[in-house]
Enquirer: 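Handing you this structure, nothing more for now.
Within every chain, numbering begins at 1; the chains are lettered A, B, ... in the order of the sequence lines, protein sequences first and strands thereafter.
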Amino acid sequence: MADKYDPQEIEPRWQKQWEADGLYIAREDPDKPKWYFLTMLPYTSGDVHVGHWYPMTPSDAAARYKRMRGYNVFFPIGFDAFGLPAENAAIKRDIHPYIWTMSNIENMRRQIRSMGAMWAWDHEAITCLPEYYKWTQWFFLKFYEMGLAYWDTALVDFCPHCDTVLAREQVWGEDRHCERCKTPVIKKNVPHWKFRITKYADELLDFSQIDWPQPVRVMQTNWIGRSEGAEVVFTSEDGDDIPVFTTRPDTLWGATFMVLSPEHPLVAKLTSEECREAVEAYQAQAARLDEIARTAVDKEKTGVFIGGCAINPVNGERIPIWIADYVLMTYGTGAIMAVPGHDKRDFEFALKFGLPIIPVIAPPQDVAKSFVKAGTMREGFAAALAEAGIPFEERDGALYVTMSGDLADRYIPLAQAYIRPDSWTEVVGARWAFIFEDAFEDAVLPLGVRDDEVILARCQALESAVGDKHTVMEMLYGQEFYRDLLYHDAYGTMIHSKEFSSTPGDVAVQKVTEWLEQQGTGKFAVNYRLRDWLISRQRYWGAPIPMIHCPECGIVSVPYEDLPVLLPEDAEFLPTGESPLKLHEGFRYVRCPQCGGDAERETDTMDTFMCSSWYHYAYVSPYWKAGEKIGPDDTPWDPDAGRYWLPVDQYTGGIEHATMHLLYTRFFTKVLRDMGLVDFDEPMERLFNQGMILGEDGEKMSKSRGNVIAPDDWVSRYGADAVRAYLMFIGPWEEGGPWNPQGIEGVRRFLHRVWSVVVEESASQRIGEPAEKEIADLRRQTHQTIKKVTEDIEAFKFNTMIAALMGFDNYLMKARETEVFGTEAWDEAVDNLVLLMAPSMPHIAEEMWQRRHPGPSVHLQSWPKWDAELAKEEIITLVVQVNGKVRDRFQVAAGIDEAAAKELALASPRVQKHIAGKTVRKVIFAAGKLVNVVAN
RNA sequence: UCCUCGGUAGCUCAAUUGGCAGAGCGUCCGGCUGUUAACCGGUUGGUUGCAGGUUCGAGUCCUGCCCGAGGAGCCA
């Protein structure tokens, strides 16, 4: 039997045998714990490349492992079959999307089968088949009944290349491009259907019931973007309410102007006649900007004054109202209070347009500064400062004073005592004061809304260079020395805020919000960045939205018993950018189910993420109730099978779906729960994000780059087991990495060595009985390997798992030439090696197992258990350090106690050499590891 | 600019949670072999991104910075 390892012969043979034996048919079995292992649904692009193998084969290994651990494992597969590529193929090559898709699936099935994975093919689901999308449509009707689906017309993201609107989640990047085709999207007013995912925003922020990777949780959390604050009602001079949302009600006293979004409904009413022309021009410009591809990231603030003022409810101040495109109509209330002292955007805007900037929060550092221009102080000022212990620098006759707030309190009267009549100076930062020579009470002025003009006027009177400044802050900004103190957005003690001044930063927001509620001018409020999910697509190849627009009855649902609304097979695919369904009269024109009059069918189809939001439910009993009429009280899958298999125990897939599929499917499950169809809150309990396999050049694989690796080639050269093992060995699964054709060589050699160890005889003749120690060593290696492999596969550390198997095999290669060959311990070692390999390299493991134990499949065996006693090291290397440097080593019994170890260490001549002439201060013992002698 | 995750030998990665910095590939040397993309043994390899700190002891913990990847982008 010393034949060669021949994967090309072994692999197809076992795949056929497993199928004939029905080894991977999934059946509910109440006597066994179930384990639903799911990998993300592949899209029917037509070709399986190594990018598909990368997530699938380690998943298969993990699923097989669970099965050997006694679980009834469900590992289904199917196809995400709707979508644009099929329709584009139809337009380009005159092939029907259905034909194109199904022939792709045919090819992909063959390629996926070549992995030798334990797929439950008898549960395969294909989303574009009517018996599947019948239920997708059923979900739509249920959502509509629950008030979770609504029809709307608004400016939405539109991809001009795909000729369809997109959900906000499907617009990516700085240039806002289409997630699928990379074309920058535009804004367009298109009627569409949306799902109220925002209703579940708070619940979607709760990850307490799922074990998902932190990056996904962070991305979803950011995407949902919950922020707490207050809604505060400002009023126009005519008494119109202008509510604003703010996260910083503690800065209300620093609001020196308001900004409305250019689209804000009150703009027209509040605009004065003098400003109307400019305002309308700006609105037009802003609207045009939306439609033009936003390639330029125009950071420069723009905006115009509309001629009206608003009243700040906290202090009755009149503040000007502006419009600017940095305020979005789609977030909050479309209007903001601008606090330029503590908001960067408002600060930039105020500086550019000469609006006052008032600090109302003490800065985080207790630093105040004062700049004293040459010639503004009487003789002796510098000496007086020095005497008062106030630090300063002198450059070119000017003084630069940097001090703490307490010192600033001493500095202010001192400066006033020395200031010349024709001059002034100021203190900024931890204190704010303008110091003039006058004997009047207001010789030292704080900085407040009303004081801005007063101070500026006085400064302008004294210094002509200030003449062109609009505000005090603009003047101060001209002095480089002050800049880092003029603006900050930290929390801190409130200042310049009337009775709230000196409220500490940690309670300021809450105190002010409570007060607003008492006054009736504001209330606690929460805002989200998340938008409702736009599910309409103006295309053919998707599940038709089962709705009808009737001129008499309005929007009417298609009755449940009429589902599915079938895609017409005879649609025409023309490169017009118009949906073929719109042009198909037989599809479009229908009778109203309510009044029987002429009506029109909705021609939009659903986002394919609808299909994939519930496919893991479909898998338990695909095409449930096929051919039957269904009603609102049905369940889209066999409820008994669902109770057994659901929810998904382990999900694997790429992180690129973090804010799309993975968010949508959580939303779906919460709605299903509210429908009473499931009794859990989350679709997948555990999630693992594998990384991406890259081309040899380290770049993402793509046809245009020509770096795509076709697994078919490598399978025919090295076998599926080698490709599987190599993909696992390449590096940590979550990181991915480049394909390296040299790396697979190492794996191939490993498989040959294993074959040789397991199948071939020892080359040397046994001449005697093995020593007890040799047997113990072999068993220790065996049990340590079982432990390592088990722990690694549990943690999805496939790369180190393969490395452990390699190490064990290398050990066996050597042991084979000793007396342990052929002993009971040897057989135990080899059997365990084969069992440990079975999940990752199923074919070679099966072949080797059958040669040793003809009968039931290796994949029906139990996973080996390790014996902690046998795995334990008996002898360890005790490292001896002097002052942290290794000076000696001893082979000692693993259980050596502290006293013995210390004695041994101190007796060492090498240690003695290094502590000669020094005093031993301390001897540290780390059990089982080392002794460190501290001496000086 | 903000958030998250990374940075260890030429390359790809380990290092049992604070205790000897190691493997595979590659390199080089040797052996074996009538040599198919073969096999065996050995060799070479390090400022653990940088600078501090804590500690008897730091790749590992803390602080700051540099570089890379991903995400968010005027989100009030």
Enquirer: With heavy atoms under 4.0 Å as the rule, sort A:Gly736 into base, sugar-phosphate or nothing.
Expert: sugar-phosphate

Enquirer: Could you check whether A:Arg724 makes a cation-pi contact with A:Trp53, meaning its NZ or CZ is under 6.0 Å from the centre of the six-membered ring and within 45° of the ring axis?
Expert: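 That pair does not qualify as a cation-pi contact.
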
Enquirer: A:Pro732 near the nucleic acid: base, sugar-phosphate alone, or nothing, with a heavy-atom cut-off under 4.0 Å?
Expert: sugar-phosphate

Enquirer: If we call it a pair only when both distances are under 3.5 Å in a Watson-Crick or G-U wobble match, what pairs with B:A58?
Expert: none

Enquirer: Mind checking if A:Arg753 touches a base, just sugar-phosphate, or nothing, with heavy atoms under 4.0 Å?
Expert: sugar-phosphate

Enquirer: For A:Tyr326, is the NZ or CZ atom of A:Lys301 found under 6.0 angstrom from the centre of its six-membered ring and inside 45 degrees of the ring axis?
Expert: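 Checked: cation-pi criterion met.
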
Enquirer: How long is the gap from CZ on A:Arg910 to CG on A:Asp888, to the nearest 0.5 Å?
Expert: 4.5 Å

Enquirer: Is any N or O donor-acceptor pair between the side chain of A:Lys301 and the base of B:C74 shorter than 3.5 Å?
Expert: yes

Enquirer: Between the side chains of A:Thr198 and A:Asp532, is a donor N or O closer than 3.5 angstrom to an acceptor N or O?
Expert: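 On atom types as modelled, these side chains qualify, holding a pair under 3.5 Å.
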
Enquirer: Under 6.0 Å between ring centres: does that hold for A:Phe349 and A:Phe347?
Expert: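 Not close enough - the centres of the two rings lie 6.0 Å or further apart.
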
Enquirer: Do A:Arg717 and B:A37 have a side chain to base donor-acceptor pair shorter than 3.5 Å?
Expert: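 Such a pair exists between side chain and base.
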
Enquirer: Check the chi torsion on B:U17 and let me know: syn if it falls within 90° of 0, anti if not.
Expert: syn

Enquirer: Considering every strand and a 4.0 Å limit on heavy-atom distances, what is the contact class for A:Val259: base, sugar-phosphate, or nothing?
Expert: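 Nothing: the residue A:Val259, judged by heavy atoms under 4.0 Å, touches no strand.
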
Enquirer: Both distances below 3.5 Å, Watson-Crick or wobble geometry, any strand: find the nucleotide opposite B:U63.
Expert: B:A51

Enquirer: Ignoring the backbone of A:Gln214, work out which of B:A76, B:G73, B:U4 is nearest its side chain.
Expert: B:U4

Enquirer: Taking pairing as Watson-Crick or G-U wobble with both contacts under 3.5 Å, can you name the mate of B:C2, or confirm there isn't one?
Expert: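 Checking every strand shown, B:C2 finds its partner in B:G71, with both distances under 3.5 Å.
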
Enquirer: Base, sugar-phosphate or nothing for A:Asn799? Non-hydrogen atoms, less than 4.0 Å.
Expert: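 Touches sugar-phosphate only.
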
Enquirer: Under a 3.5 Å cut-off for both contacts, is B:G24 paired Watson-Crick or G-U wobble with anything, and if yes, with which nucleotide?
Expert: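 The answer is B:C11, by the H-bond criterion.
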
Enquirer: Applying a 3.5 Å limit to both distances, which nucleotide forms a Watson-Crick or G-U wobble pair with B:U33?
Expert: none

